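On a predicted model such as this, the values are computed, not experimentally measured, just so you know. Just follow the structure's listing: the first ligand is 1, and inside any ligand the first atom is 1.
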Amino acid sequence: MSTTAVTAPVRNYRGRFAPSPSGPLHFGSLVAAVGSYLDAKSNQGTWLVRIEDIDTTRVVEGAAKDILTTLEAYGLYWDEDVVYQTQRHDLYAHTINNLNNQQLIYACHCSRKQIKALGGIYQGHCRHLNHSQHHSALRLIQQHAICQYRDLIQGEVHIGQDLAHEDYLIKRSDGLFAYQLVVVADDIDQAITHIVRGADLLEPTARQLSLFNQLNHTAPQYAHLPLAVAKPGFKLSKQNYAPAIAKDNPKPALLSAFEFLGLAPSPELVELSIEKMLSWAIDNYSLQNVPKVAEIQISQKLNSQATLFTQINK
Ligand SMILES: [Zn+2]
């Protein structure tokens, strides 16, 4: 059994799981779902689900519904209506207006190829060129560069100076709102206090923190879970065809997710109902017990009770 740290619950905790519907849930995304759920519920908090479908070029038809059905099969019920980014364009346009009124936005006509040729980090080429914003990519003048922050699991996180100071995109040249913008607008709108997600988002978090500052909002607390990898540096993802987790037999993968998150379930736990498995996990979960590593390698067959984990420190 894991040791339960004696910490007082956070008041008015609001957390979220925010998958992009580019395919079915795999073990890596299950870990993020279960981790954010347990962290919220062990703080008597509210747990929300947001479908991050803003990048319509990556959306797979039917995936959002499949993700929600899978969460239900795993007993992970959300507390408020599911939010879809594609239904929130007004919120994002409003956020861009807010930044525009502060004269912090400019249009950029540079191609990805041009930026790559200059070293990959955007150097502010168009900042004073006064291009028309019509049909243009938009960048935010970086006034609140964050080079360092404290993560609840990973500890001090350091970001390269160049990356931290880059005027990053908030609207793409194809007209789509950029991820950094929408995720912060959503987290503010949904009053999110805690973000528990995979460590692949450690770097973008610095930009999101700077945007919270720019928009005059207190940022949530961040806890980045170790990333589930097939081998060092290669995360399990929809892109490398990680297998979808089973909807008809959720208990083994749920048990593996508990172990991944630093819980010590006995194998007999699978004899309980899903609901009772989750309530055991809520009672025994502690953020302090989540391995403080960047990656965990999954070295045995997934969806089996023989799943083996190897912690990788970067
Ligand atoms: Zn430019």
Side-chain angles (χ1 to χ4, degrees), residues 18 20-22 50 52-59 85-149 157-189 195 197-217 219-220 222 224 235 237 239:
S20 54
S22 53
R50 176 199 307 154
E52 296 203 330
D53 56 356
I54 196 69
D55 185 353
T56 46
T57 63
R58 294 183 56 224
V59 169
Q85 290 180 326
T86 43
Q87 296 172 7
R88 292 157 74 80
H89 281 196
D90 288 352
L91 172 69
Y92 311 138
H94 177 82
T95 308
I96 287 195
N97 274 340
N98 175 349
L99 295 166
N100 222 352
N101 291 338
Q102 300 179 58
Q103 297 186 317
L104 290 172
I105 289 179
Y106 62 92
C108 171
H109 290 179
C110 302
S111 67
R112 199 176 285 189
K113 204 172 155 191
Q114 285 170 314
I115 297 166
K116 207 175 168 195
L118 291 167
I121 302 261
Y122 186 70
Q123 305 289 350
H125 180 259
C126 299
R127 196 192 265 207
H128 303 293
L129 296 182
N130 290 316
H131 294 309
S132 158
Q133 294 193 5
H134 197 59
H135 293 306
S136 290
L138 301 179
R139 291 186 180 272
L140 179 70
I141 297 176
Q142 180 54 278
Q143 293 199 313
H144 289 273
I146 301 279
C147 304
Q148 181 183 355
Y149 67 92
V157 177
H158 296 267
I159 312 298
Q161 289 282 341
D162 288 356
L163 190 66
H165 285 89
E166 185 180 38
D167 289 347
Y168 58 85
L169 283 175
I170 54 169
K171 197 170 189 185
R172 301 171 11 175
S173 57
D174 60 6
L176 293 175
F177 294 105
Y179 167 74
Q180 311 294 355
L181 179 93
V182 301
V183 79
V184 171
D186 284 333
D187 286 330
I188 290 173
D189 181 67
I195 296 177
R197 61 186 179 188
D200 50 335
L201 291 166
L202 276 172
E203 270 190 351
T205 298
R207 293 185 166 178
Q208 289 163 33
L209 285 167
S210 75
L211 191 49
F212 278 104
N213 280 342
Q214 194 67 65
L215 294 167
N216 244 325
H217 267 272
Y222 289 87
H224 285 91
K235 74 164 180 164
S237 71
Q239 283 70 36

*Do the rings of His89 and Phe177 sit parallel, tilted or perpendicular, given the 30° and 60° boundaries?*
perpendicular
*Could you tell me whether the side chain of His125 reaches within less than 4.5 Å of the side chain of Leu129, counting heavy atoms only?*
yes
Does [X] put an N, O or S atom under 2.8 Å from the Zn ion (ligand 1)?
X	answer
His131	no
His125	no
Gln114	no

*Regarding Arg139 and the six-membered ring of Tyr168, is the cationic atom NZ or CZ under 6.0 Å from the ring centre and inside 45° of its axis?*
no
*Is Tyr149 reaching over with its side chain to a backbone N or O of Tyr222, donor-acceptor style, under 3.5 angstrom?*
no
*When you draw lines from the Zn ion (ligand 1) to SG of Cys110 and to SG of Cys108, what angle lies between them, to the nearest 10°?*
110°
